[in-house]
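For reference, the structure discussed in these notes is given below.
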Amino acid sequence: METDDTGNRLRFQLELEFVQCLANPNYLNFLAQRGYFKDKAFVNYLKYLLYWKEPEYAKYLKYPQCLHMLELLQYEHFRKELVNAQCAKFIDEQQILHWQHYSRKRMRLQQALAEQHQQNNTSVK
């Protein structure tokens with residue numbers, strides 16, 4: 001029984017790590033250039049990994065953009081385009097721009113909340 005638990009935990013950790021690697025466009029380019037996306041068994045494995053989109057599994061992800069990449073990898077056209085390094089570079093740049101926008105937006109929200117909190121404290125006195 002313990003062997004099953006250990007095996008399941010190891011499988012969970014390996015699949016978690018692999019799914020999160022899919023957030024890296026350069027890794028996707030590496031896989032594409034080595035022909036992994038032409039292997040039907042590998043493509044089926046990517047389909048199997050869609051269970052990570054379920055909330056009970058997704059909560060363990062540190063890089064949620066990997067789910068979007070996993071979804072895109074279900075499409076043959078996308079898999080073929082990843083052979084091109086420029087495609088991977090474009091995706092990488094878009095991820096950085098998205099992250100910068102999100103960071104700025106979050107910082108503005110935190111500043112607004114801090115100012116509101118400070119005003120509330122001032123008006124109570």
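Along the sequence shown, residues are numbered consecutively beginning with 1. Values below: every heavy atom of this structure, side chains too, minus hydrogens, waters and symmetry copies.
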**Asked** Of all residues at least two apart in sequence or in a different chain, which pass the side-chain hydrogen bond (donor to acceptor under 3.5 Å, both in side chains) check with K38?
**Response** none

**Item:** Residue list, side-chain hydrogen bond (donor to acceptor under 3.5 Å, both in side chains) with K80, at least two apart or on another chain
**Value:** E76

At what distance, to the nearest 0.5 angstrom, does [atom1] of [X] lie from [atom2] of [Y]?
X    : Y    : atom1 : atom2 : answer
R79  : L46  : CZ    : CG    : 7.5 Å
K47  : L70  : NZ    : CG    : 12.0 Å
Q111 : Q118 : CD    : CD    : 12.0 Å

**Request:** Answer yes if F12 and L67 sit in the same cluster of Ile, Leu, Val, Met, Phe, Trp and Tyr residues linked by side chain heavy atoms under 4.5 Å apart, and no otherwise.
**Result:** yes

**Asked** Residues in side chain to side chain contact (heavy atoms under 4.5 Å, CB included) with L14, at least two apart?
**Response** L10

**Complete:** The side chain to side chain contact (heavy atoms under 4.5 Å, CB included) partners of F78 (sequence neighbours excluded) come to M69, L72, L73, Y75, L82, I91

**Request:** Check whether any side-chain N or O of N29 sits under 3.5 Å from a backbone N or O of P25 as a donor-acceptor pair, and report yes or no.
**Result:** no

**Request:** Please state whether the rings of W52 and Y57 are parallel, tilted or perpendicular, taking 30° and 60° as the class boundaries.
**Result:** perpendicular

**Asked** Who pairs with K53 by salt bridge (charged side-chain N to carboxylate O under 4.0 Å, His left out), at least two apart in sequence or on another chain?
**Response** E71

Side-chain donor-acceptor distances from residues 15-24 under 3.5 Å, at least two apart:
unit_1: E15; atom_1: OE1; unit_2: Y48; atom_2: OH; d: 3.3
unit_1: E15; atom_1: OE1; unit_2: Y51; atom_2: OH; d: 2.2
unit_1: E15; atom_1: OE2; unit_2: R11; atom_2: NE; d: 3.1
unit_1: E15; atom_1: OE2; unit_2: Y48; atom_2: OH; d: 3.2
unit_1: Q20; atom_1: OE1; unit_2: K62; atom_2: N; d: 2.5
unit_1: Q20; atom_1: OE1; unit_2: Y63; atom_2: N; d: 3.2
unit_1: N24; atom_1: OD1; unit_2: N26; atom_2: N; d: 2.8
unit_1: N24; atom_1: OD1; unit_2: Y27; atom_2: N; d: 3.3

